[in-house]
Amino acid sequence: MTIRYCFCYKIEYIDRIEIEKEVVILKLELGKIKISDVQFGDKTEVVKGTLYVNKDEIIKLVLEDDRILSANVELARPGESVRIAPVKDVIEPRVKVSGSGAIFPGTINKVKEVGSGRTHALVGATVITCGRIVGFQEGVIDMSGPAAKYTPFSETNNVCIVIEPVEGLETHDYEAAGRMVGLRVAAYIGEAGRNVEPDEIVTYETKPLQEQVKQYPDLPKIGYIHMLQSQGLLHDTYYYGVDAKVMVPTFMYPTEIMDGAIISGNCVAPCDKVTTFHHLNNPVIEDLYKRHGVDLNFIGVVLTNENVFLADKERSSDMTAKLCEFLGLDGVIITEEGYGNPDTDLMMNCRKVSQKGIKVVLITDEFPGRDGKSQSLADATEEGDALVSCGNGNVIINFPPMEKVIGTLDFIETMIGGYEGSLKPDGSIEAELQIIIASTIANGYNKLSAKGY
Amino acid sequence: MDKIRVVHYINQFFANIGGEEKADIEPEVREGIVGPGLALQSGLGDNYEVVATVICGDTYFGGHIEEAKKTILNMIKPYKPDLFVAGPAFNAGRYGVACGTIAKAVEDELQIPVITGMYPENPGVDMFKKDLYIIETKISAADMRKAMPKVCKLAKKMINKEEILSPAEEGYIERGIRVNYFNERRGSERAVDLLLDKVAGRPYTTEYPMPVFDRVPPNPAIKDLSKIKLAVVTSGGIVPQGNPDRIESSSATKYGIYDITGLDSLNKDKFMTVHGGYDRAYVLENPNLVVPLDVLREMEKEGVIGELANYFVTTTGTGTSVGNAKAFGEEFSKKLVEDGVGAVILTST
Amino acid sequence: MVKEIERAGIPVVHMCTVVPISLTIGANRIIPAVGIPYPLGDPNLGEEKSKKIRRSLVERALKALQTEVTDQTVFEN
C-alpha cells in the first residue's frame, strides 16, 4: 500500500514540474533580422540590414579543418550575373540567444535539447558551401536570368565558401569536411545577430501531447511526417548528430528543427535537396503553425528515414504508422527527399498510416521524363489520393552565360541533370531542371508545380 | 501575304459518299473543301486556305493501316500544307483511330501542327492523346457546329506558336503530359488546405493521380538451362572506366552494351558505376556486386548455364523515365533475340 | 525494361532491393537483393562470404527462371 501511495504521489509531483517547465521551456521565439545586402568588412556584423563579413576570419576558421587545403570567400547578391556551382549545402546563419542548448546541437555544439527560448536568424542571408564535386549530386544556383526563379537562393545574399580538399582525400571525409565547414561558418556569422534587435519576432509553441490536445479540443489533430534522406554518401541527414539511417522513427517538437536539430549531409539530386536552410525554415512546419489554433491543432513531427534496405523501409514505416496512431492524429502531411526508391518509403508510409484511419496528404515532385509523358513516380499506392506536386524535375532549362562563376563549371555534364553537351563553349548550359538546387524540393517550399496537359 | 495552307482529312460518311456500305473505299484526294471543310474554312478565317481534302473509308483504313498511311502521306505532301486537321471523329471508333494515326504520321513526317477532335470514349483518344491535341467533342456529329470553332481556335494558336494553355482552357483532352507552372501559393500551404478538406470529409482534388503501370504476362519457364544463352542487363549504372558513352548518372537518355568476352570477373580497374542514386563506394570496389560476372562465369564452366552472352546491357535506373526505359528495352531486346539469348537476369540497385 | 524483355519473349528475372517498386512496375519473377549499395553480396562480410551470397542469389534467380509462374512472384528463398 505504501509503495502504491508513493508511486501516485511521484506522478503528481512530476506532472506539476512539467506544467511549470512548459511555460518557459516549450516556446520558441524566433527573432528575424532582415538582411538586404552583404559586404566584406573589417568586422563580421550587422549594420542597418547589411551583413558585413570578415573574409580573413572566415578563411582562418575554415582552414582549422586540416582536410581542407585552401578556401576562398565570395559574395553573391540577388540580380548579379553570377553562377554558383557545384553547391553542396546552403545554411541560414542563426544564433541561440537564450534557452537550452546551442545552434546545430550534436554537430558543432554539444548534444542538448533545443527548440525553446530565443533564437535570432539573419533572414535574407545564407552561407553556401561549394567547390570541387564530391559525387554527382551537387547543384547550380543562378543569381539572375531565367534559371534564377527556380531556386530561393537567387533572392538571398549569399556568402559562398569555395573549398579545395587536400590531395587524395577520401570522398566520405571530403563530404564531412564540407558539411562541418558550412555549419561552423554559419554559426560564426550567426553570432553577429546575437545583440541585434530583430525586425520581427514570431513565437512558436507546441505543448506536450495531452496538454496540446486539451488546448484546442475541437480542432483536428494534425501531424507531420518528415522523411529524412538517409541513403549513404551525399544522402545523409543528421538529427542531433545521429545519422538518420541508424535511427528508428521518433517524435520531434516542431521548434527543435528551427534551432538546427536537423542538418543536411549534402545532396540527393540537387533539385530535391532539403538544404540545412530548408530544415531551419521547414515550410510545412511554418504553415501548420500559421493555422495552429485557427483551424487545426499541430501536435508535432514524426521523423523517419529513407534507407537502402527493404527491411529498414518496412520497419520504419511500421513504426511511423504506430507513432501516428499513438499520437491520436486525425491527419498528417508526409514529405519526401529524393526520388526513385524513396518513393517506396513514401507509399509505404502513406498506406500504413492510412490503414490506421488517419487522413494523409503527400508532398512530392515528379520525374515523368523530359517530354512529361511517363509516370511521375517509381511506386504507387491507392491510398495516395491527395498529393501536392512540386513540379517536373526533368524539364530542360537553358541557362545563359554569367559574367562570374563562383566555384567551377567543370563538372556540369556529369552532375545530375547534366548530360553530354550540357555545357556550351560560351559558358551557357542546357540541362534538366533537377540540376538547380532545391528547384523541385519535395516539401512544398516553392510555388512550382505541375499539371496535366 | 501567302495564305496558310491547310489539308483536311475526313471519312466517307462526312464526304457524303455513303455510310457503312461505302466504308471500304480507298483513299482519294480532292482540291479544296469537302463537307465539314466548310466549317473549318470559316472558322480559320481569310488568312487560311483549305487547299485539299483527303477522304478514306474507315474500314479500308483499319484493314490497311500501313498502306493507307503511306498513300495518304503521299497525297498530302504535294500540297505543302502548314497545318493538318483530321475529323473531328466524335464517337466513331474506326474514324477516330484513322484520324489519330494519320495526324501523328503527318506530324512525324512533315513536322507541321496537326489537330483532331473526338469524344473522350473514342478508342482513338487513349491511343493518341499523348501525341496529339484532340479537341473534346460531344458524342455525335450534331456537335460539329460547336466543335469546329474550338479546333480552329487551337489550330491558330499552334500556327502562331502561342502558348497552349491547360486542357480546360483550350478544350482539348488531357494528354497526360506533366507541365510545370508556378502556382499562386507554395506547396506546403496547398497541402494544409488539402489535408483539412480530406479530414473534414469535404471534396478534394489531388494534383497528381497515382500512376498506372501496364502488365505483361510471364513467359514460360526455361526447361533446360544448360542449353540456354543467358545475358545480364542492369540499371545499376555499370560502365567501363571513363564512361565512354557518357551515360547520365540520373535520368538516363541512353544505355550501353559492353563486351565481356574472355573476362572471368568485372575488374574494378576496368569497370565502374555512374549511378547517382546510391553510395557508390562498394560497387566501385567490386562491380560484380551489380553484374555478377564472376559467379556466372563459374556456372558457365560448370555447365549450369549453357552460355553467357559476351556482353552486358546497362543504364542508370534512377530517375530514368518509364518512356526512356521502355524504348531502351524495346531496342536492346531485339538484339538479345537476334543473338539467341534465351534468358535474362536484370539487376537493379 | 524488364517488361520489354518479357514482351520480346525472353524469360527474365528481376534481382532488386526495392521489391515493392518491382511489383508496382510489373516484373513477373522477382528476387529480393541484399541492399541498394550492394545488391548481390555483402562486402562487409569479406570477399569470400560476399561471393557466396552472390552465388546463392544467382542460383535462386536461375531457379526462378525455371519455375512456371502465372502471376507476379517474389522468390524469397
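Residue numbers start from 1 in every chain, and the chains themselves are labelled A, B, ... in the order their sequence lines are given, proteins ahead of strands.
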Task: Pair listing, ring-ring contact (aromatic ring centres under 6.0 Å, His included) test, anchored in residues 2-37 of chain C, at least two apart - done: none
TODO: Tell me, yes or no, whether the heavy-atom count around A:K451 atom NZ, taken from other residues, nucleotides or ligands under 6.0 Å, exceeds 12.
DONE: yes
TODO: May I ask you to list the residues in residues 42-52 of chain C that approach chain A closer than 4.5 angstrom, counting heavy atoms only, ordered by number?
DONE: none
Task: Side chain, backbone, both or neither of A:M348 within contact of chain C (heavy atoms, under 4.5 Å) - done: side chain
Task: chain C-proximal positions within residues 352-376 of chain A [heavy-atom distance under 4.5 Å] - done: none
Open item on the list: Within residues 15-35 of chain C, which residues come under 4.5 Å of chain A, heavy atom to heavy atom?
Closed with: C:T17, C:V18, C:V19, C:P20, C:I21, C:T24, C:I25, C:V34, C:G35
Open item on the list: Does A:E382, at its CD atom, have more than 12 non-hydrogen atoms belonging to other residues, nucleotides or ligands within less than 6.0 Å?
Closed with: no
Task: Most contacts with chain C, counted as non-hydrogen pairs under 4.5 angstrom, among A:L377, A:T344, A:N307, A:T381 - done: A:T344
